[in-house]
Amino acid sequence: MNQILELRDKRAKAWDAAKAFLDTHRDANGTVSAEDAATYDKMEAEVVHLGHEIDRLERQAAIDREMMMPVGTPLTSRPETPNSDSEKSSRASDSYRRAFWNAMRSKRIDPNVYNALQIGTASEGGYLVPDEYMHLLLDKLQDLHTIRGLATIVHTDSGERKIPVVASHGTAAWTDEEAPFHESDEAFTQITLGAHKLTSLIKVSDELLNDSVFDIPGYMANEFARRIGDAEETAFFTGNGSHKPIGLLNATDGAETGVTAASASVITMDEVIDLYHSLREPYRKNAVFIMNDATLKVLRKLKVGTGEYLWQPSVVGGTPDKLLNCPVYTSTDMPTIAAAAKTILFGDLSYYWIAEREGFVFQRLNELYATTGQVGFLCSERIDARLVLPEAVKVLAMKAT
């Protein structure tokens, strides 16, 4: 932890030095020479490198904490008295978890294992993953990607989830004595979240399945999380609602355009401030910026009138960098600066709702790849998502031409 704090302090000092260098090497026109620009780029690269090193050390510390957790269960009752809390119900139970992974490893399932799995049989013919394993998958999705950690996630047992939304509010009016009350009703509408299917397949050799040392649950958690997480993140930004969720950047039912830049290739400080104020004040309390890393690099060089940089590097572990005192997140699914591109997203992402149906479903394929000595594993989920209140999120769009 001390090393992480030292690196954060070093990163902050390096960034201050880079800003000071740029300020003291500008000529009368406010520009710098090619040699000074190259020096500044090196200083900035050092800041980014330190940030990556801090991330690695934080991940290492998290793994160390997990490895040091006790592997045994403390005695909470007399040895001859069964502990009623050790066996939980449904898919969280120890017997279900053991039966599930025995079924994934073995081609033939004995009756006892099959009976234990009955509670988790999905309509598609596969088995619902154990609760703890599904939480592991969801945690990995949140670690790897941006939207899941900021959005509102709801669970539904039916195919659709209808969400009532106030389309317009009623008003009050000044009324004369004994005059009738002013009538003004709220106008409501409904938004429907369905269930689109997302699938992936992994092939594992018979040798790895039979090797008890190989961590099948860990391998599948990492691989399925990467695949499903990538597909989800892309859809959450650019999905068009056709067999996939409606993304934040979709022209229909997506975020509203708060500012259109005057240029197709340049973003100014004034336009960033205009984007900030295009969002109503109640939504700004929990608002965040999301953009591509290349766009962030451009914004890091913008200044306010007093010469101070807008971008504020974080010096606290687990806290994102800030722009105009709002957290900044990056995603490769956000467009880079180009004509007509929606390059910066700003708003309260809790109004982006993700509806999950059932959870993750696993299915084993025994015969399809038998000739190559492999076994296939299918993973699927049914999910939908959309922005339930478009005015809660704004985008900065570049000029079309």
Side-chain angles (χ1 to χ4, degrees), residues 147-196 235-262 270-290 322-327 329 340 342 344-357 382-397 399-400:
I147 297 300
R148 264 190 173 272
L150 301 172
T152 297
I153 299 177
V154 295
H155 302 276
T156 175
D157 293 329
S158 61
E160 291 185 347
R161 179 74 173 256
K162 294 183 178 179
I163 305 168
V165 178
V166 178
S168 62
H169 291 283
T171 59
W174 298 102
T175 307
D176 291 336
E177 185 177 354
E178 297 184 355
F181 274 66
H182 172 71
E183 295 185 12
S184 181
D185 295 330
E186 302 276 286
F188 293 90
T189 186
Q190 273 191 343
I191 291 177
T192 301
L193 289 174
H196 305 293
F236 293 159
F237 280 108
T238 61
N240 58 10
S242 178
H243 306 295
K244 65 182 66 173
I246 297 177
L248 288 160
L249 302 180
N250 195 51
T252 304
D253 297 325
E256 298 177 349
T257 299
V259 175
T260 300
D270 290 343
E271 289 165 348
V272 175
I273 296 176
D274 288 341
L275 175 63
Y276 177 88
H277 287 282
S278 69
L279 190 70
R280 291 178 55 201
E281 194 275 335
Y283 302 121
R284 294 202 298 264
K285 294 178 181 178
N286 299 312
V288 300
F289 286 97
I290 303 180
K322 289 189 176 182
L323 180 66
L324 294 177
N325 207 35
C326 292
Y329 296 90
K342 298 176 180 179
I344 302 177
L345 186 146
F346 177 65
D348 186 347
L349 271 295
S350 67
Y351 289 95
Y352 190 75
W353 281 34
I354 301 172
E356 294 181 337
R357 173 80 167 89
R382 296 175 64 193
I383 192 172
D384 196 10
R386 67 178 297 172
L387 186 60
V388 297
L389 202 59
E391 69 175 27
V393 182
K394 302 285 187 177
V395 294
L396 184 148
K399 186 177 179 182

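Nothing here was measured: the structure is a model prediction, and the numbers come from that model. We number each residue from 1, following the sequence as shown.
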Task: Test item: Phe289 and Leu275 side chains (from C-beta on) under 4.5 Å apart, heavy atoms - done: yes
- [ ] Calculate, to the nearest 0.5 Å, the distance between atoms CZ and CD1 belonging to Arg357 and Ile383 respectively.
- [x] 13.0 Å
Task: Residues which pass side-chain hydrogen bond (donor to acceptor under 3.5 Å, both in side chains) with Thr152, listed by chain and number, not counting sequence neighbours - done: none
TODO: For the pair Glu271 (side chain) and Val259 (backbone), establish whether a donor and an acceptor sit closer than 3.5 Å, ignoring hydrogens and angles.
DONE: no
- [ ] Would you name the heavy atoms of Pro327 and Ala287 that are closest together and state the gap between them?
- [x] CD-O, 3.6 Å
TODO: Might you point out which heavy atoms bring Ala255 and Val393 nearest each other, and give the distance in Å?
DONE: CB-O, 3.4 Å
Task: Nearest non-hydrogen partners of Ile246 and Asp384, listed with the distance - done: N-OD1, 4.5 Å
Open item on the list: Quick test of your reading: applying side chain to side chain donor-acceptor pair (under 3.5 Å), list the pairs with at least one residue in residues 273-282, sequence neighbours left out, ordered by first then second residue.
Closed with: Arg280-Glu391
Task: Closest approach of Ala261 to Leu396 (non-hydrogen atoms, all atoms of both residues) - done: CB-CD2, 4.3 Å
- [ ] Write out all pairs satisfying salt bridge (Lys or Arg N to Asp or Glu O under 4.0 Å) with one or both partners inside residues 237-253, taking only residues at least two apart or from two chains.
- [x] Asp253-Arg386
Task: Heavy-atom pair of closest approach, residues Tyr352 and Ala235 - done: OH-O, 4.3 Å
Open item on the list: Checking side chain to side chain contact (heavy atoms under 4.5 Å, CB included) between Leu248 and each of Ile290, Leu349, Val395, which is the one that passes?
Closed with: Leu349
- [ ] Output the distance between atom CG (Leu150) and atom CZ (Phe236), rounded to the nearest 0.5 Å.
- [x] 11.5 Å
TODO: Answer yes or no: is there a side-chain heavy-atom contact under 4.5 Å between Tyr351 and Asn286?
DONE: no
Open item on the list: Using 0.5 Å steps for rounding, measure from the CG atom of Leu345 to the CZ atom of Phe237.
Closed with: 6.5 Å
- [ ] Go through the structure and list residues passing side-chain hydrogen bond (donor to acceptor under 3.5 Å, both in side chains) with Asn240, not counting sequence neighbours.
- [x] none
Open item on the list: Measuring from atom NE2 of His243 to atom NE2 of His196, what distance do you get when rounded to the nearest 0.5 angstrom?
Closed with: 8.5 Å
Open item on the list: Quick check: closest heavy atoms across Ala151 and Ile354, and the distance to 0.1 Å?
Closed with: CB-CD1, 3.8 Å
TODO: Please name all residues satisfying ring-ring contact (aromatic ring centres under 6.0 Å, His included) with Tyr329, sequence neighbours left out, ordered by chain then number.
DONE: none
Task: Partner set under side-chain hydrogen bond (donor to acceptor under 3.5 Å, both in side chains) for Lys342, not counting sequence neighbours - done: none
